[in-house]
Asks: 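Got a structure here, written out as structure tokens. Questions coming.
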Amino acid sequence: MTAPNDTLAALATSRFGLGARPGELAAAGGDPRGWLLAQLGRRVAAPAELDGLAPGAEVLGRFLAAREERREERRAAARGDADPVKQLATSVREVLLPHYLAQAAARTRIALATGAPFRERLVQFWTNHFAVSVDKPICLGTAGALENEAIRPHVCGRFAELLLAVEMHPAMVTYLDNQQSVGPDSALGERANRRRGGDPPKGRTGLNENLAREILELHTMGVGSGYAQADVTQLAFILTGWTIVGRDGKLGEPGGFAFNPNAHEPLAATVRGRLYVEDGVAQGEAALADLAREPATARHIATKFARHFVADAPDPGLVARLAKTFRDSDGDLGALARALVADDAAWRPPATKVRNPWELTVAAYRAFGRSPSDAGPALGALDLLGMPLWRPGGPNGFSDDSVAAWASPEGMKTRVALAQRFASQIKDAPSPTALLEDVIGPTASEPTRQAVARAESRQQAYALLILSPEFQRR
């Protein structure tokens, strides 16, 4: 039996969106699926909130310059001729921190104000799929740039284009150390061999497999999908020379992506049984294009997509249909999103996904119509809830197994405390019962309605609304 439109509108704003703002249930109610589909245009102007942010290459160039300054200060100190004033210079982290905060504030403002929350959820999904972490200092000022420069423009484009944009972005190159990867038979590798009397290259002049491994394991085919260690090594050979421009600017703008032919392994390579003989960067482009079209990549992406939006253990039929759409459309991500919206299996109640900390924080601000000028409290909440912005524990990103990751007793205790704190700061919101109807609507259970209506104070009622199962899940 098909659910009524008001129930589907509630699902549209929570399961596929970022949580309803006042009036959004009504806006989506006439045609919930159409409301979502209208957000999926392939070419969409960048949000105005991104205006004024420094490009990632520029930020990385500043990082490289600051790091070299610090190194020179340490060398001067070792010689005993350090300038005591220079020893008080700002740290490299302090050079990058303002950029991180500006990017974080922009992301938060977009999420709270956007009228296209489904599209914004797609941005966040792909950012987590192609995760980098600001725990690595070099990424502190570029993690947000990766999202804005490589991911946002491609969320409704083709997966092959998104994949190439991400792997060529300086944030990904440096997060996975590919700027240190040198082919043993390249000009740099042979020079290192001669210096060492023929020993294999070591340290900074050796082959680094990090980027190649994560492309196969996380970004395309997925774990256990049939690739071998030899494929990882061969892909790493192909990607040698994919680097960033140093502070000397010899290969272009400092901090930008560059291809260094002197570091590139010059021989043909074989990945997944395919021989790649192209010259230079074209060899890597060809290999990535083929990996984007692997059947295993379609299954991997479809599974993650369904798990993120619908259920921790998604319906196998839904996954199979999404994978078929991915294959048949040559990785058209807009078609993938439209197939998700069109599939009845994606709309089945009840809501089982526990909102992750970002989703919960954004949903609370949106529900109360709040758009603070300072993103600090929101970022602080994410830290307390265990999902610090752009800081996953590894390149596999934050878990989408929502119950296991976010519904622990300690995590729920923190949610209670934060909901109470948030509610205590509400000054001019509608009555709790009116707000409940406006942001949860027909999905609110009778126990939730009674708890909100019988609360001892407005602040307690607001906290109970945020803590209700209907608000905590999507």
Side-chain angles (χ1 to χ4, degrees), residues 46-74 88-111 123-124 126-154 165-180 210-211 214 242-249 251-258 358 373-376 378-380 382-383 387-395 397-398:
E49 289 85 354
L50 301 181
D51 293 347
L53 294 181
E58 179 182 321
V59 175
L60 191 52
R62 293 176 185 176
F63 168 87
L64 297 174
R67 186 173 64 179
E68 184 57 33
E69 281 186 34
R70 300 299 91 78
R71 287 173 175 169
E72 180 53 40
E73 289 168 12
R74 287 195 292 271
L88 299 177
T90 57
S91 70
V92 172
R93 178 179 173 80
E94 288 173 326
V95 171
L96 296 180
L97 187 60
H99 297 286
Y100 167 80
L101 293 175
Q103 293 161 359
R107 188 198 220 234
T108 304
R109 289 195 301 270
I110 292 169
V123 172
Q124 293 158 19
W126 288 112
T127 295
N128 195 55
H129 179 78
F130 293 110
V132 300
S133 176
V134 300
D135 271 340
K136 192 162 191 172
I138 199 169
C139 293
L140 183 61
T142 57
L146 174 70
E147 176 174 296
N148 296 325
E149 297 167 358
I151 293 174
R152 281 188 183 278
H154 297 290
V166 168
E167 309 307 349
M168 282 185 160
H169 195 276
M172 187 62 71
V173 170
T174 55
Y175 178 57
L176 295 175
D177 302 315
N178 208 68
Q179 78 279 16
Q180 299 176 11
N210 289 354
L211 181 60
E214 304 311 351
W242 288 41
T243 186
I244 59 169
V245 181
R247 61 187 299 270
D248 56 18
L251 296 174
E253 178 189 0
F257 174 83
W358 169 259
S373 56
D374 178 12
L379 297 179
L382 295 179
D383 289 346
M387 193 180 183
L389 184 59
W390 298 316
R391 208 172 86 207
F398 291 105

Asks: Do Arg152 and Ile110 come close enough that some side-chain heavy atom pair is under 4.5 Å?
Replies: yes
Asks: Please check this pair: side chain of Glu167 against backbone of Met172, looking for a donor-acceptor N/O pair closer than 3.5 Å.
Replies: no
Asks: If you take all heavy atoms of Gln179 and Val173, which pair is closest and at what distance?
Replies: OE1-O, 3.2 Å
Asks: If you compare all heavy atoms of Asn148 against all heavy atoms of Pro153, which two are closest, and at what distance to 0.1 Å?
Replies: O-CD, 3.6 Å
Asks: Would you say Glu214 and Tyr175 make side-chain contact, with heavy atoms under 4.5 Å?
Replies: no
Asks: What verdict does the side chain to side chain contact (heavy atoms under 4.5 Å, CB included) test give for Val132 and His169, after you've listed the backbone C-alpha separation in whole Å, the side-chain angles of each residue and the deciding distance to 0.1 Å?
Replies: CA-CA 11 Å; Val132 300; His169 195 276; over 6 Å; no
Asks: Would you check if there is a donor-acceptor pair between the side chains of Glu147 and Trp390 at a distance under 3.5 Å?
Replies: yes
Asks: Over all heavy atoms of both residues, which pair between Asp135 and Pro392 is shortest? Give the atoms and the distance, please.
Replies: OD2-O, 4.4 Å
Asks: For Gly255 versus Leu60, what's the shortest heavy-atom pair and its separation?
Replies: O-CD2, 3.4 Å
Asks: Taking the side chain as every heavy atom from C-beta outward, state whether Thr127 and Leu146 have any pair of such atoms under 4.5 Å apart.
Replies: no
Asks: Side chains of Pro47 and Arg109, heavy atoms from C-beta outward: is any pair under 4.5 Å?
Replies: no
Asks: Side chain of Thr243, backbone of Ala258: donor and acceptor closer than 3.5 Å?
Replies: no
Asks: Is it true that a side-chain atom of Asn178 and a backbone atom of Trp242 form a donor plus acceptor pair closer than 3.5 Å?
Replies: yes
Asks: Indicate yes or no: at least one non-hydrogen side-chain atom of Glu72 is less than 4.5 angstrom from one of Glu69.
Replies: no
Asks: Report yes if some heavy atom in the side chain of Glu253 is under 4.5 Å from a heavy atom in the side chain of Val245; otherwise report no.
Replies: no
